[in-house]
Amino acid sequence: MANDISFTIDGVEVAAAPGQTIIEAAEAAGIYIPRLCHKPGLEPFGGCRVCTVKSNGRPCSACTQPVAPGMVVENDTEELRALRRDLVELLFVEGNHFCMFCEKSGHCELQALAYRFGIAAPRFDYTWPARQVDMSHPDILVDHNRCILCGRCVRTSRQVDGKNVFQFVGRGHEKRLAVNAEADLGATDAAVTDAAVGACPVGALLKKRIGFATPVGRRPYDERPIGTDIETAAARKE
Amino acid sequence: MAASHPPTVPQICATFGNDPTRLVDIARQVQETYGHVGPASIDAIGRALRIPRVEVESLVTFYSFLSKQPKGRVVIRLCNDIIDRMHGFDQVLAAFTAELGIGVGQTSSDGITLETTACIGLCDQAPAALVNDVPVTELNSDRARQIVRELRKHMDPKQLVTKLGDGNNAHELVRSMVRNNIRRHSDAEGGDNGAEPRIVLSPHAPPEALRKALSISPAEVIRAIKTSRLRGRGGAGFPTGIKWEFTRAAPGARKVVICNADEGEPGTFKDRVLLTERPDRVFAGMTIAGYAIGAHEGILYLRAEYAYLRPFLEMVLQRRRQAGLLGPDLLGKGKHTFDIRIQMGAGAYVCGEETALITSCEGRRGDPKNRPPFPAQRGYLGLPTTVNNVETLCAVTKIMEEGSATFCEHGSKQSSGTKLLSISGDCLRPGVYEVVFGTPLRRVLAMAGAENAAAVQIGGPSGQMVGRDHYDRTICFDDLATGGAMMVFGPQRNLLEVVHAFLDFFADESCGFCTPCRVGTVQLKRLIEKVMAGRGEPADLETMEQIGRTMKTASRCGLGQTAANPVLSTLKNFRPVYMGLVHTDPDGYRRGFDLEGAVRTSETLTGRASIHV
């Protein structure tokens, strides 16, 4: 479809197609809007709120808000940077995240965002919740300590794998990821080849027995900050 | 009907046509029949409805009135909101636990479960509890003990009601001890006996309103509502006429009217009174809305706490059908078809948010939806939907009856008409008041016998706390906007306890979908606890403001956007209360760090005590 919608992000003119969300149009134009629960191809979720931008002065999630002609979007402002730092820090203190022991370190989008935002340690109060690790499946492990409730596995399992392995149960601070079985993941039809396993932005869903295939220090976010690929892809086009 | 064999789970599912959009009703009935929705029931429902079992589990674990664990035949839910706490909640709870010999969340060997619950809409007769569906009010420790002893004899909550309340509370289909407490300005000593507008609370609802609406075109009905400048009474204040116009203009032949009777904002109980005393006004308003937007179906979403009103409301609906006020041909005019069904909630404050309410009507956990699309475009089952508050719909009926001009005689340009207030707390005359928009807070407090108030929470926990220097402000959309709750706190109250109770409420009632609300509420609660314990530092107040701002800006729905208000409004209006409790350590130590707390677990595990210098 023709890119006949024109709007601005931080003053930069962006062309977009009707039906695109702000985050999609921004990405195509080489502008990175930080995000966690958003994954191209999955239905928009709007849960992590890291992609919060202001559209004509009103806050909204860039992953759910469709573009409109003449829309004025603020993205990289001090107010929104502070807000995103808060959200990432809130996620850190909500769970139990020990980057130094985590196989996902260097691949982890939560960790990478913290580095991109210059977060050394959260200012908020660690809650150290007691959470479970589900090792029941022969090839996949679920570490609830690291789950940030982004719903990427839930949506991927349904939309891409054509299964319903994951869903949330409970509400508020008791909300957690559950599986489609009374017992645990081992009792579901989850397979290691499911796209859902790779959809996790953190180390909550991992494949067993392939740890540390890429040495720490040479992993994607060890080398370049998260979002760089989006920013440089457009630069190369020019 | 023989009661010996309760329906099986598949039979219950079949009653609802094995329709996944009726999952809330199915789960409610399984809960009622078997005392819980356990793993086997979850499996059976999933099979019957052809949905993944985890979807059923997701719903069951979302709503407070549903449970995976077995509960007793009788469940006592004692309301724990701040007003009940001020009126003896602790003593009543102690009496219940002592008499039952169990703690909160437990079930006695003879099948009585004790729980606490958020506001049940009875703050004007607190402390109150629900025993299954039956409200018991104005409790004290003696009455609590007596309730347990009586239940042990008959296990029939209905028999606990000995003295019936006023008005329709005494109706044979209600038979409740609840009182309406509809107050008049002149109740106050020296109160003026002049003209008291009764708009929403008009005594009767003749079929005139609907007849007049049907005699003009839907567009003219919408024009009349727009001319009246009626704005939504639930709190957000969106112009009703414009909402209807959007819904009417949205493409699609099938549209829906939903009445939001999920009155969950703590301290609010005016909708309970309207549903008890003015149900015809509510249903007439829904029918008029249906005609105006081109909808043939209406849903009254009734909060689980008001289940005791359901048989009565079903009777009113049936009576209206018989009178031609609902059904295939309204008033025999060959112009419109409209009917209403009641959708029960299952205990979730967030379902008062209109998109969460719609999700709940669809038989799912009450997570709010992303906007856009707005309900007027794609709401219930993807159909154009208008959601209006109970009070708004009562006002609609009055506007049709008497015309927009009469309605606009009261109030101001931005806030026309009247507002119902639910007043409770430290006042002599708690109850429901109808005041003209623009009435100063001071006058409202005088009516309620609350001249001595030190602080007033306007609009419930999601609203704002104001002090004496705000009493000349007025009740209206431009100044003190409110969905109707007004909680009064005398000088003897600790405001931080109030703030803490509100945060506790929001942390429990957050749906958990988005980060700022799910995590922010817990963080704010911990910070308030730190300040109350005397370990707070001035920097903690800045952190609270920072988290509060982020919640306001980044949260996905109105719940999260307002959940920090208890903190933000007291930090703004009552800062000295906080400043008196926070200290900077002269030696630079971080007083906030609770060393004893930090080593407590390891002390327990090792069986050794640490030495603290």
Side-chain angles (χ1 to χ4, degrees), chain A residues 36-37 43-52 54 58-61 63-66 79-80 82-95 123-125 127-128 148-151 154 157-158 163-176 178-183 188, chain B residues 38-40 42-43 46 51-64 68 348 350 365-373 506-523 525-527 530 539 543 546-547 549-556 560-561 592 601:
Chain A
L36 277 171
C37 69
E43 76 183 69
F45 189 67
C48 75
R49 312 309 286 177
V50 172
C51 73
T52 299
K54 284 196 172 174
R58 291 172 69 96
C60 63
S61 48
C63 69
T64 59
Q65 185 70 33
E79 184 197 358
L80 293 171
L83 176 142
R84 290 169 188 156
R85 274 195 300 271
D86 283 356
L87 294 174
V88 167
E89 291 185 30
L90 287 171
L91 287 170
F92 268 103
V93 299
E94 185 191 28
R123 293 154 296 162
F124 307 137
D125 196 13
T127 49
W128 306 131
I148 57 168
L149 306 172
C150 70
V154 177
S157 180
R158 190 172 55 222
K163 300 180 180 181
N164 283 285
V165 174
F166 302 102
Q167 187 48 278
F168 296 115
V169 296
R171 80 172 182 217
H173 52 98
E174 292 182 354
K175 182 176 176 175
R176 63 176 182 83
V179 298
N180 191 28
E182 191 188 333
T188 68
Chain B
I42 288 175
D43 278 326
I51 56 174
R53 82 178 303 283
V54 73
E55 294 290 339
V56 183
E57 187 184 0
S58 179
L59 179 127
V60 171
T61 53
F62 185 87
Y63 294 100
S64 310
K68 268 169 72 182
V350 68
R365 52 187 278 137
D367 289 328
K369 293 175 193 278
N370 285 317
R371 273 157 298 198
F506 283 125
D508 281 347
E509 295 293 339
S510 164
C511 77
F513 196 102
C514 76
T515 312
C517 176
R518 184 184 69 240
V519 195
T521 47
V522 173
Q523 285 292 319
K525 191 176 134 190
R526 291 164 78 102
L527 281 163
K530 186 177 167 190
T543 306
Q546 171 75 26
I547 293 174
R549 269 197 304 272
T550 291
M551 288 168 66
K552 223 179 174 74
T553 309
S555 290
R556 188 162 169 265
Q561 287 157 12
T601 312

Could you tell me which of B:Ala348, B:Cys511, B:Pro39 has the largest number of non-hydrogen atom pairs under 4.5 Å with chain A? B:Cys511
By a 4.5 Å heavy-atom criterion (distance strictly below it), what part of B:Arg526 contacts chain A: side chain, backbone, both, or neither? side chain
Name the region of B:Gln523, side chain, backbone, both or neither, that has any atom closer than 4.5 Å to a heavy atom of chain A. side chain
Please evaluate residues A:Phe168 and B:Phe62 with respect to the criterion ring pair (Phe, Tyr, Trp, His ring centres under 6.0 Å), reporting the C-alpha separation (whole Å), side-chain torsions for both, the decisive distance (0.1 Å), and the verdict. CA-CA 9 Å; A:Phe168 296 115; B:Phe62 185 87; over 10 Å; no
Pair count under 4.5 Å, heavy atoms only, with chain B: among A:Ala181, A:Cys37, A:Ser61, highest is A:Ala181
What part of B:Phe506 gets closer than 4.5 Å to chain A, counting heavy atoms only: side chain, backbone, both or neither? neither
What part of B:Ser64 gets closer than 4.5 Å to chain A, counting heavy atoms only: side chain, backbone, both or neither? both
Nearest heavy atoms of B:Arg365 and A:Arg171, plus distance in Å: NH2-CA, 4.4 Å
Pick one of side chain, backbone, both or neither for A:Asp86, based on which atoms fall under 4.5 Å of a heavy atom in chain B. side chain
What part of A:Ala82 gets closer than 4.5 Å to chain B, counting heavy atoms only: side chain, backbone, both or neither? both
Assess, by modelled atom type and distance only, whether the side chains of B:Glu55 and A:Gln167 contain a donor and an acceptor separated by less than 3.5 Å. yes
Considering non-hydrogen atoms only, spot the tightest contact between A:Asn164 and B:Val54 and give its length. O-CG1, 4.2 Å
Heavy-atom pairs under 4.5 Å with chain A are the metric here; pick the option from B:Gly366, B:Gly520, B:Ser58 that has the most. B:Ser58
Minimum heavy-atom distance between A:Arg49 and B:Ala554, given as atom pair plus value: NE-O, 2.7 Å
Between A:Val179 and chain B, which part of the residue has a heavy atom less than 4.5 Å away: side chain, backbone, both or neither? backbone
So A:His173 and B:Val519, do their side chains get closer than 4.5 Å, heavy atoms only? no
Segment of A:Thr127 engaging chain B (4.5 angstrom heavy-atom cut-off): both
Is it the case that B:Asn370 and A:Thr64 place a side-chain donor and acceptor less than 3.5 Å from each other? no
Top of B:Thr515, B:Thr553, B:Asp43, B:Thr543 for chain A proximity - count of heavy-atom pairs under 4.5 angstrom: B:Thr515
In short, A:Leu87 meets B:Pro516 closest at the heavy-atom pair CD2-CD, 3.6 Å
Residue A:Leu36 versus chain B: region with a heavy atom under 4.5 Å: neither
Any residue meeting side chain to side chain donor-acceptor pair (under 3.5 Å) with B:Arg518, in chain and number order, not counting sequence neighbours: A:Glu94
Under the rule for side chain to side chain contact (heavy atoms under 4.5 Å, CB included), what residues qualify as partners of B:Gln561, not counting sequence neighbours? B:Ser555
